[in-house]
Amino acid sequence: MEIGYYPGCALHGSSNDYETSVRACLSALDVGLKELDDWLCCGASAAHSLNHKLSVALPARNLALAERDGMAELLAPCPMCSGALLRAKAALHGDARLREEMGEIIELPVAGSAEVLNLVQIFERAGIERIRERAVRTLEDYRPACYYGCLLTRPPQTTRFDDCEQPRSMESLLSALGAEPVDWAFRTECCGAGMTVAREETVLELAHRILSDAAARGANCLVVACPMCHVNLDMKQADVARRFAVNHQMIVYYLSDLVGLALGLSPEALGVDRHFVVR
Amino acid sequence: MARIGVFVCWCGENIARHVDVEAVASGAATLPGVRTALSYKYMCSEPGQALIRRKIAEEGLDAVVVSACSPHMHLRTFRRAAEGAGVNPYRVEMANIREHCSWVHHDRGEATAKAADLVRMAVAKARLDRPLEPICVPVARRVMVVGGGVAGIQAALDVADAGHQVVLLEREPSIGGKMAGLSETFPTLDCSQCILTPRMVEAAQHPNITLHTYSEVEAVEGFVGNFRVTVRKRARYIDVDRCTGCGQCWNSCPSKKNPSEFDYRLGQRTAIYIPFPQAVPARPVIDKDACIKLTKGKCGLCAKRCEAQAVKFDDEDRLVVEEVGAVVVATGYRLYDPRTPAAADGISGYGEYGYGKYADVIDSLQFERLASASGPTAGEIRRPSDGAVPKSIVFVSCVGSRDPAKGLSYCSKVCCMYNAKHAMLYRHKVHDGAAHVFYMDVRAGGKNYDEFVRRAIEQDGARYHRGRVSKITEREGKLIVRGVDTLAGEAITVEADMVVLAAAIRPAEGVERLAQKLGVGYDAFGFLSESHPKLRPVETNAAGVFVCGACQGPKDIPESVAQASAAAAKVLALFSRDELSRDPEIASVNELTCAACFACERSCPYGAVERAELRNGRGEFLKRTARINPGLCMGCGTCVAVCPSKSVDLDGYSETQVYAMLKSLT
Amino acid sequence: MSQNNGFDPKIIAYVCNWCTYLGADLAGTNRLEYPASVRIIRLPCTGRIDFHLIVKAFESGADAVLVSGCHPGDCHYTAGNFHARRRWTLFRALLDVLGIEMDRIHFTWISAAEGRKWQEVVTEITEKTKALGPYRAYRRICEGGA
Amino acid sequence: MIEALRELARRLLAEERVRVVIGYGQSSPQGPVHPLFITRAEDAEQLVWNRQCFSNLTAYLTRKDVRALGPAAVVVKGCDERTITVLEKEAQLERERVFVVGMVCEGMGDPGLPKCQVCDRHRPRLADETLGEAVDREVPALERYAALEAFLARPAEQRMAYWQEELARCVKCYACRQVCPLCYCERCIVDKNRPAVIDTSATLKGNFAWHITRAFHLAGRCVACGECARVCPVGIDLTLLNQSLARAAEEAYGFRAGEDPRVEPLVGSWSPQDREDFIR
């Protein structure tokens, strides 16, 4: 199968290891990615605080491009991006006047019809059973703490994905591949990535709490589906060690890393060797 | 030809200022069927009414049109006046030339022309009014009270004490309801069972009360004054008349580890059991899913021990028909299950609070059992997981309540009070324990209520945090409660040994089905709808059906009891009459032309349309037809609109009349 | 339009007894002035208002018809207005294909508390009907021979 | 197919499953096809099946004289069979007393009737036994209502003018009513007096009132067999009126009359969520 792909800025920049991982893993599953031609930033981090129309128009243009190219489904591996796209979709849906107005602004007709999927949903689409059949090794050595962060499931009215406070979808997928996910308390807590620059103290504390609880519950790695979470929890471990005198050394995987490993891909092919904390 | 009198009111200057009342009257005098038309300063005054009566007598009038204010204001007045002079009250019409004319149109010419039109329409309608007699139905002076909690017991006793028969229905094996399981009650801290159990016994022993426990309403037929309620008496496997309640059976039952419903699963009971020691009736039931004899065919120990030979393993559900004149619904409440979505919109419940996952996260009714002297811990506060005495408890308010995002937008009303009570009881029992209460607002409206909450905080040292709890997790045997104190503006974390969730109050399971059987409306949450929120708080839109207690909305004990007595008073008022008379402006079917498609049956909001057969004098079948039960029809006329052959008509608003009104304007 | 200056539209209003009729009463109590164009026919419930009444109104020379009752959920008879709403939705489709001028048929929910809404609605549809002029097309139907 | 049909009719009558088989007959090979009522197994030879079997035979199921014969079998096409569901929902027949013989149909008339061009029920689905082979194709609503759509594209005044002209030709013969399987009232509303609801004279006023009434009485019920228009002696296209209601039912409530025996009739049921964009 082939689906539309919206990388967003992070996957083409600081988190290009995530893109490597997603592409390698999905290609092993015969899921082709067709990158949206001429996509632009979805504006998720700042647009809404500057100008409401802009915050709809940016993602609306990306949706319009998908429609133009006949993409029924659009993968946005970054939950900030998928959230922005879904919010725009919801706003456009059932508001003919807004659709018209947006159409004029972005100079493209837009209905908001493309379905926006996050990374977990792509795996669900591909079929957990199918992935399991294709797996060449089991993940039995992995006891991951699945970390959804604050954005993947929220706000539930928009994402309509899993249980907002008690999600289970990553656990289901990884258990099927032999891993033993731990039950822990910080699945949907904020890691503070948005305040990395502004309030580093807070961020370190939040990251420390998350990493500590994961360790306390017996996890030997963390699994994320968000470039921001990854960069924060992976890169900041050194600072956490300096601040709290605890060196967690907790490997932080993207969900696609673990699925890729199960499918027999090498860590290098998945970009795992480019993480800060490595085995 | 009709002999109509038209009486045009000036309403002092109210009408006369903008409407030429003389011209309206003289115009009306020329209309066909009108014998006399005159105007008067105040038609509704006694001299005005006397004028109408005199003219009826003088002119031999058989219909009256009063051209004055809104019929909602004075139609009843003028109907009475006309009736006094021998005119059928349903041959009185009003033309509303005040609210709909003189008060809103100030151009005298236009207002007068419109007033003349309105009179013309009223005269056209009056010409075709049929004399109607109020519908009289006999009243069965017997009431069924559905639900044997404190509200149901109160209503039953009030009616029974007034000398009428009562059938009291309870779904559980014993009456007593939720109140029987409570520990102590706010704001007096008197023992719940001590005040309730004497009332339970009184109800059971009352000569005017028939008790059906372990029973539910199966079907309802009939209408106000004449309901036939079919009751399903569930198989109890005990011959209640033989049983002496000695207890040999439940003391010998080997199936002991069944979760107790009465203790909300915190305690255990045998397969043959009474729910609690003071149960009324003190007769056991057998849980057929737990009984070894009924599931595996072996055992039967209870039957062997029973000297009265009251155990009947071959018992079956029985249907009993009760004929009653009124029904009081007092089905009470249940608590919201925090694990589940409150509404079907895909938004999950409060999984993050860990209810059902962590043994020591319980709901407030479970806490009542822990605090109750008759409860599973004999009144000691011990946590479910390991029986240890908790050194700190967090009480969480508004779990489900006041949270439109999760589906329940309303306030459950009693939680603020019982949270204070729980904190207080806990501190009384565990002196060094810490009681934390997370709350949105403290709503303590009621006599001595706010003082009670203050006492919990100031004397008993409950720690109140204004804010909500975001998540509860467990670490090393402690419950980690994370929340926010919005007054201090900071996130707080409390390490607790136990958490008590004040889950929202919801109507009892299945109340919608009961409401549908009775024809009572209910809101989006399933609470039953009263006729009028202020003026008819215990009546419903189904005549003869009344509501009281928490089935109508969240309520505490005093309110439930007050409402129960109010419902009883309404029942007694109904029973004070030999016959009921109802407004006869209802629908009827021309059975000869009815095509029996039953569109009317599907459309009737009251289930007043029946499928009937038309037979000739010799009883031979002629045809099928729809038939309207005059006892149930409320006269909305929806059936008239959907009948394709126009075989239904509505008295007082008949087809002919509406057409004639239209024609009068051409 | 100048030819409409002398035109007093005739508007028939079918209203339910419990909400809109009382709303119109309230407009009176509050002395809210509006044009004297509407003739109310009071019926118990919008559930009773069937399509014949709308046709009959036009046959008897109405320039516009107003149908009004309780808001959804407020029906005195619990569901009459829900039944009515469904029928009207369908009936409008039929009138539309027939080329009946849809601007001459108005549906509103007006509660007993909405005296002002009654005033606004009557004023508005009177103005609208004035602008449309007399309903000549239907008059022609009524006068047309075999 | 004809042989299979005759054989089935013979069997049903011989085994006394039914007392009458309502099918199609033809007096001569070139003659018109007419309804045929077979009560003896040996007469089954007279049944025919060809592209001239226009009528919707379910209309006879509610006739008193036909009912008096006893349990009946009826031959239906995909379009006709929906009538059975509607009649059952309206308590006009007991489904178990009727044996429904479904005929796979490639369309009636030559060239096919307009309704056959957009038919998505070549194969009956609710019949007790279905004869013939065919594959249904999905026909989008847009296509099914194309004629209506085209008509609605005209301005309202033109539509009104069209109907004034068309309905002026109506002679009030009531063939449209007589042929309609869902017009089963014992006394039609048009025959009601005191008060008369509809002007019975064949004036434009009376004709408008009649056709509005006829069409609206089929709201949420009409199964689009199209017989009313086919039998109209002056050729008024009544399907436009029927279609306007059918499309409204489909658009607003996702409802197609007679499609699903589990769904309650459209008029007489409601939902709080029903749309009301036209209500202020």
Side-chain angles (χ1 to χ4, degrees), chain C residues 46-47 50-56 58-60 66-69 71-73 75 78-110 117 120-121 124-125 135-146, chain D residues 148 151-152 154-164 167-172 189 195 197-199 201-209 211-213 215-217 219-220 240-249 251-253 266-280:
Chain C
T46 44
D50 65 24
F51 71 98
H52 293 294
L53 298 187
I54 298 174
V55 176
K56 284 270 175 190
F58 286 126
E59 286 183 355
S60 65
L66 167 64
V67 177
S68 184
H71 287 270
C75 176
T78 65
N81 53 358
F82 287 128
H83 286 288
R85 180 168 67 179
R86 209 168 245 212
R87 294 198 306 266
W88 299 339
T89 301
L90 297 170
F91 191 50
R92 277 170 47 88
L94 179 61
L95 294 181
D96 192 32
V97 82
L98 282 165
I100 304 278
E101 294 172 26
M102 302 307 275
D103 285 348
R104 296 183 185 269
I105 307 173
H106 307 269
F107 298 89
T108 62
W109 305 132
I110 297 177
K117 184 170 177 187
E120 285 166 11
V121 164
E124 220 178 277
I125 63 177
Y135 197 5
R136 296 218 173 79
Y138 220 94
R139 301 270 158 85
R140 259 200 304 283
I141 290 173
C142 295
E143 287 151 14
Chain D
L148 174 67
F151 182 70
L152 284 172
R154 305 188 198 178
E157 311 86 75
Q158 279 189 28
R159 299 201 291 273
M160 176 49 90
Y162 170 85
W163 288 112
Q164 289 194 358
L167 297 185
R169 300 190 293 120
C170 171
V171 293
K172 282 241 174 102
I189 188 166
V197 184
I198 295 162
D199 183 353
S201 55
T203 56
L204 199 49
K205 175 183 168 195
N207 291 353
F208 259 82
H211 285 288
I212 289 174
T213 303
F216 195 69
H217 277 183
L240 280 176
L241 303 181
N242 299 342
Q243 280 204 348
S244 70
L245 288 159
R247 190 177 67 160
E251 270 182 12
Y253 311 107
L266 189 61
V267 172
S269 45
W270 53 271
S271 153
Q273 276 81 43
D274 282 350
R275 72 188 214 185
E276 55 167 55
D277 41 13
F278 62 95
I279 305 177
R280 180 176 160 186

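Model, not experiment: these values are computed from the prediction. Every chain is numbered from 1 and lettered A, B, ... according to where its sequence line falls, protein lines coming before strand lines.
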Closest heavy-atom pair, C:H83 versus D:G268, reported as atoms and distance to 0.1 Å, is CE1-O, 3.3 Å

One option among D:A215, D:A219, D:S271 has the most heavy-atom pairs under 4.5 Å with chain C, and it is D:S271

If one checks every heavy atom of C:V67 against chain D at 4.5 Å, the contacting part turns out to be neither

Honestly, the part of D:F278 sitting under 4.5 Å from a heavy atom of chain C is both

d(D:I212 CD1, C:I100 CD1) to nearest 0.5 Å is 5.5 Å

Counting heavy-atom pairs under 4.5 Å with chain C, the top scorer among D:S269, D:C170, D:A161 is D:S269

Turns out that what part of D:Y253 lies under 4.5 Å from chain C's heavy atoms comes down to side chain

Honestly, the part of D:V197 sitting under 4.5 Å from a heavy atom of chain C is both

#### Entry: Donor-acceptor contact below 3.5 Å, side chain D:W270 vs main chain C:A84
no

Looking only at heavy atoms, the pair that brings C:L90 and D:L245 closest together is O-CD2, 3.2 Å

To the nearest 0.5 Å, atom OG1 of C:T89 lies from atom CG of D:D277 at 7.5 Å

Counting heavy-atom pairs under 4.5 Å with chain C, the top scorer among D:A156, D:G206, D:A209 is D:A156

Exercise for the section: Could you check if a side-chain atom of C:W88 sits within less than 4.5 angstrom of a side-chain atom of D:E276, using non-hydrogen atoms only? Expected result: no

The reported gap from CG in C:L98 to CG in D:L167 (rounded to nearest 0.5 angstrom) is 7.5 Å

CZ of D:R275 to CZ of C:R85, rounded to nearest 0.5 Å, is 11.5 Å

Looking only at heavy atoms, the pair that brings D:R159 and C:G99 closest together is CB-CA, 3.9 Å

When the 4.5 angstrom heavy-atom criterion is applied to D:A252 and chain C, the contacting part is side chain

Assert top hit (heavy-atom pairs under 4.5 Å, partner chain D, pool C:E101, C:K117, C:M102) equals C:K117

Closest non-hydrogen contact found for D:D274 with C:R86 is OD2-NE, 2.9 Å

In short, D:S244 meets C:L94 closest at the heavy-atom pair OG-CA, 3.6 Å

Listed by number, the residues in residues 103-110 of chain C that come under 4.5 Å of chain D (heavy atom to heavy atom) are C:F107, C:T108, C:W109

Turns out that what part of C:F58 lies under 4.5 Å from chain D's heavy atoms comes down to neither

Do the rings of C:F51 and D:H217 sit parallel, tilted or perpendicular, given the 30° and 60° boundaries?
-> perpendicular

Side-chain donor/acceptor of D:Q164 to backbone N/O of C:A137, under 3.5 Å: yes

CD of C:E59 to CZ of D:F208, rounded to nearest 0.5 Å, is 11.0 Å

Nearest heavy-atom approach of D:L240 to C:V97 is O-CG2, 4.2 Å

Given D:L148, D:L266, D:L152, the one with more heavy-atom pairs under 4.5 angstrom with chain C than any other is D:L266

Rounded to the nearest 0.5 Å, the CD atom of C:E120 sits from the CZ atom of D:R280 at a distance of 5.5 Å

Okay, C:D96 and chain D: the region with an atom under 4.5 Å from a heavy atom over there is both

